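Report on one structure; see the data block that follows.
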Amino acid sequence: MRYPFKDIENKWQEYWNQHNVDKTNFSKIDNKLYCLVMFIYPSGAKLHCGHWYNYGPTDTWARFKKLNGFNVFEPMGYDAFGLPAENYAIKTGVHPYDSTIKNIEDIRLQLKKMGCMYDWNAELMTCVPDYYKWNQWLFIQLYKKGLAYRKNAPVNWCPDCNTVLANEQVLADGGCERCGTTVVRKNLTQWFFKITDYADELLVGLDKINWPEKTKTMQRNWIGKSFGTEVAFKVDKSHEEIKVFTTRPDTLFGVTYLVLAPEHPLVDKITTPEYQEAVEKYRDSIKSLSETDRTSTVKEKTGVPIGAYAINPVNSAKIPIWIADYALITYGTGAVMAVPAHDERDFEFASRFNLPIKKVILEPGTDENTPLTIAYTEIGTMINSSVFNGVMSDVGIDSVTDFLESRQLGERKINYRLRDWLISRQRYWGTPIPVIHCKDCGEVLVPESDLPVTLPYEVEFSSKGKSPLTSNPDFMNVKCPQCGKDAQRDPDTMDTFVDSSWYYFRYLNPAFSNGIFDAELGNNWTPVDMYVGGAEHATMHLLYARFIHKFLRDIGLAASDEPFRTLIHQGTITNQGAKMSKSKGNVINPDDYIVNTGADVFRLYLMFMGPYEMGGDWNDKGISGTERFVLRTYELFKQYTGILSDNTPPDKFNIVDLSEQEKLIYRKINQTINKFNTELASFRFNTAIAALMELINELSKHLSACRKELIAYSLERFAVMIAPLAPHLGEECWEIIGKRSSLFENPVWFEVDPLALTVDTVSIALQVNGKLRGTVDVPLDAPVDVVREKAYSLESFSKHVMDKSVVKEIFVANKILNIVVK
RNA sequence: GCGGCUGUGGCGUAAUUGGUAGCCGCGCCAGACUUAGGAUCUGGUGACGAGAGUCGUAAGGGUUCGAGUCCCUUCAGCCGCACCA
């Protein structure tokens with residue numbers, strides 16, 4: 001390849017750097033555009049193809065916007081805390097701080113070679129006190145509002161990572177999000193952020209943001225809002241009552257037993273002595289099961305009665321109380337009213353344990369005596385339901401609830417599947433929790449003036465199951481800020497998702513020392529206009545960040561309701577069908593490509609592979625195509641070096657003055673700009689590149705036959721379009737034809753000449769009975785008579801019409817003439 | 001099990017949104033330049049057929065003058081959810 005990519009790419013990277021081309025002027029806000037990619041998680045390997053696929057095309061979009069006149073801010077940073085660095089330390093003895101800093105240095109060099117217009121003044125990393133101090137500050141503000149609290153609860157414990165995990169970090173198969181090890185349940189006292197307080201707002205806010213529907217659906221399902229009724233059942237021969245949550249109060253008359261979660265606190269109180277042993281045995285038997293095993297729909301339902309009975313508040317029926325693991329302590333009240341006739345799970349359970357099945361909703365077309373083979377869960381007529389007999393069950397939901405509310409037997413209730421965010425981790429490489437535990441004063445916040453609580457360097461990493469920080473007495477032992485007596489620091493660190501919940505604010509001025517971030521800048525520059533990152537964060541980072549954003553708004557630090565206005569997920573690049581990972585040894589190293597073809601070619605190829613949101617399997621067979629394209633472009637421009645010095649192209653040409661070949665070129669240029677604008681605006685890089693390839697094919701055929709002004713006109717526009725895609729090449733081409741300043745320093749974008757978009761002749765498809773029988777070229781908007789006449793004079797067409805009677809004629813101007821014959 | 005997305009030449013893909021299927025690129029074939037070509041340029045390239053033509057967008061059916069596009073059934077792949085009462 002004769003294209004000197006190395007020289008050219010170095011040259012422009014140096015130029016951009018020296019002239020501060022990529023630095024954002026934050027004072028100009030009328031045309032601001034904040035373009036963000038999910039920052040890099042450096043605690044393991046270096047940049048791979050997937051990162052490039054995320055960052056390169058997004059930078060192309062940002063550059064396109066910059067050329068279009070936007071004041072673009074595009075930052076990059078490092079999500080630098082986290083388990084991998086610590087696990088690496090356990091394995092090799094290299095301290096997480098050292099390995100992370102080293103890694104970041106390597107990654108920074110790689111990033112700079114990509115030629116993205118990151119504002120390096122804005123670079124940040126989360127593992128330094130300057131940053132995590134504000135995690136601690138945030139924690140304190142949440143605590144003060146009652147939104148950070150500690151409780152003992154059944155939590156997800158990863159035995160391999162030796163730490164608890166948030167619900168969001170447990171995979172569908174019950175594995176740990178980081179290492180895949182099966183997560184077990186443990187009862188532990190842990191710190192939580194009360195995201196559930198924002199459940200409803202997190203739900204309705206989704207309607208206002210431009211995110212992929214799929215992601216919004218996932219968040220909606222994760223939040224899991226359901227409307228229902230809470231009904232109180234008295235326990236027979238006891239003062240206790242059991243509250244159940246149900247979405248089907250219309251089936252209340254059909255309750256034949258009650259189920260408590262095995263962990264339900266009432267179980268110990270109301271189990272009768274003769275059942276105690278069986279209950280304990282049952283509880284033991286399910287202890288070893290993971291949450292996923294317990295909630296698996298394929299597993300046969302298990303449970304035991306506890307000897308106590310409950311009274312149905314609407315008909316005073318005495319019904320047995322059971323415990324069963326299909327009742328979850330973590331959802332609703334931890335108790336279920338079982339209506340086997342109208343709930344599949346209850347039906348299965350009742351059938352297995354010979355519990356009565358009482359029909360209270362009649363399926364249309366059946367009668368009371370029709371036996372049930374499966375639960376009937378649809379709408380029907382209520383029966384065996386006292387005063388509600390004959391009412392349709394969908395109406396009955398409200399009527400029964402009204403009835404219960406009027407007698408104080410129950411009330412309407414909204415339940416969420418979302419649970420509070422467990423943020424403490426029994427790990428070292430994270431933000432220390434700013435709390436001191438005092439024997440007398442209990443949990444005491446570290447005063448804000450004492451922040452940051454600095455993460456000590458010296459710790460023992462392999463202290464299994466205990467927070468590593470406990471191994472450093474200098475860190476752990478402190479005086480209580482309230483009473484001054486000996487006390488101990490909280491030994492846990494925060495989930496790294498806390499770091500990433502507000503980093504987009506900090507980017508605006510990472511050196512800001514008067515607060516978590518510069519709120520004025522924050523108000524001017526957020527929400528983020530475009531956010532690009534992987535879909536795997538749908539119910540983790542992307543949910544947490546929305547929560548924290550709303551909290552920051554509520555304490556007066558943010559003006560908007562949502563952090564990310566538009567969200568796009570890049571597809572996944574796989575290798576031989578498998579996700580690239582270090583452990584599988586199938587990672588494609590982009591560095592090799594940069595050395596062999598240059599950054600421009602590589603990012604062009606990534607964009608050309610296919611639709612951005614689809615991703616695909618890695619295959620470099622086609623890279624020579626983009627290589628050739630770059631070379632052809634470069635050589636075309638070289639042919640016309642300095643053309644602008646003695647030819648000043650006009651803003652537009654008058655089409656009628658142009659020769660046939662000039663018309664062709666003039667139209668093609670304008671059509672391409674037009675197409676390019678719409679394609680690039682919506683991240684369709686592949687089609688934008690295809691349009692430019694078509695253009696260069698056309699240019700290399702006809703450009704030399706054009707007058708100099710039109711050549712200059714065409715090349716100016718071509719350079720501007722190639723620039724966002726291949727920025728070094730774009731700048732170089734811009735310079736070759738004689739432009740004096742950098743394109744990205746003085747952005748330019750050309751208007752389309754609308755007159756050049758219309759053609760004067762169109763090719764019309766001729767069909768007989770829907771089959772193509774030829775085409776004719778006619779003037780634009782030619783009437784049917786003209787087209788018909790031309791069509792019939794065409795033998796390949798007319799021979800299919802001859803000797804047949806015309807039934808119908810369909811004519812769509814400029815498109816098609818279809819004759820239906822018999 | 002439920003829900004969603006996807007399925008187009010040898011390959012990656014495109015298709016003005018119901019109107020000439022296969023743009024662009026890879027690969028392949030032929031030619032040009034060349035001491036040489038795994039460089040570059042030009043042309044060709046869905047299948048079958050000598051040709052007229054016929055067939056062709058996972059499979060089958062339907063709506064329509066006309067379907068890759070809309071509807072129904074089935075299959076395959078990917079993703080999400082999975083006892084949430």
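Just so it is clear, the model here is predicted, and its values are computed rather than measured. Per chain, numbering begins at 1; letters A, B, ... match sequence-line order. Note that these values count all heavy atoms, side chains included, but never hydrogens, waters or copies made by symmetry.
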Quick check: on RNA chain B, is the nucleotide nearest A:Q767 upstream (toward 5') of the one nearest A:S700, or the reverse? Name the residue that is more 5'.
A:Q767
Heavy-atom nearest nucleotide on RNA chain B for A:F245 versus A:T687: which residue maps closer to 5'?
A:T687
Using whole Å, what does the distance between atom [atom2] of nucleotide [N] and atom [atom1] of [X] come to?
X: A:F629; N: B:G25; atom1: CZ; atom2: C1'; answer: 11 Å
X: A:F676; N: B:C24; atom1: CZ; atom2: C1'; answer: 14 Å
X: A:K225; N: B:A85; atom1: NZ; atom2: P; answer: 14 Å
X: A:M609; N: B:A14; atom1: CE; atom2: C1'; answer: 16 Å
X: A:N415; N: B:A85; atom1: CG; atom2: C1'; answer: 9 Å
X: A:L604; N: B:C24; atom1: CG; atom2: C1'; answer: 13 Å
X: A:N697; N: B:U42; atom1: CG; atom2: P; answer: 8 Å
X: A:M218; N: B:C79; atom1: CE; atom2: C1'; answer: 8 Å

In whole Å, what separates the [atom1] atom of [N] from that of [M]?
N: B:G56; M: B:U20; atom1: C1'; result: 15 Å
N: B:A30; M: B:A39; atom1: P; result: 15 Å
N: B:G10; M: B:U45; atom1: C1'; result: 11 Å

For [N] and [X] - does any side-chain N or O of the residue sit under 4.0 Å from the phosphate oxygens OP1/OP2?
X: A:T217; N: B:G3; result: no
X: A:K771; N: B:C55; result: yes
X: A:N686; N: B:A14; result: yes
X: A:K621; N: B:G27; result: no
X: A:K675; N: B:A14; result: no
X: A:R628; N: B:G27; result: yes

For the pair [X] and [Y], name the ring-plane relationship: parallel under 30°, tilted 30 to 60°, perpendicular over 60°.
X: A:Y544; Y: A:W421; result: parallel
X: A:F683; Y: A:F685; result: perpendicular
X: A:Y634; Y: A:Y3; result: perpendicular

Just label B:G46 as syn or anti from its O4'-C1'-N9-C4 or O4'-C1'-N1-C2 angle, using within 90° of 0 for syn.
anti
Nearest of [options] to any side-chain atom of [X]?
X: A:A765; options: B:G19, B:C65, B:U20; result: B:U20
X: A:R632; options: B:U54, B:G25, B:C65; result: B:G25
X: A:S624; options: B:C81, B:G53, B:G27; result: B:G27
X: A:F608; options: B:G19, B:G25, B:C26; result: B:G25

Which base, if any, makes a Watson-Crick or G-U wobble pair with [N], both distances under 3.5 Å?
N: B:A36; result: none
N: B:G49; result: none
N: B:C78; result: B:G4
N: B:A30; result: B:U42

Closest approach of A:D600 and A:L729, non-hydrogen atoms and distance?
OD2-N, 2.9 Å
Search all heavy atoms of A:N697 against all heavy atoms of A:R632 and return the closest pair with its distance.
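Heavy atoms only, the tightest pair is OD1-NH1, 2.8 Å.
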With a 6.0 Å cut-off on ring centres, are A:F608 and A:F629 close enough?
no
Using the rule given for side-chain contact (heavy atoms from CB on, under 4.5 Å), can you reason through A:N686 versus A:M607, listing the C-alpha separation, both sets of side-chain angles and the distance that settles it, and then say yes or no?
CA-CA 6 Å; A:N686 55 329; A:M607 290 188 281; over 6 Å; no
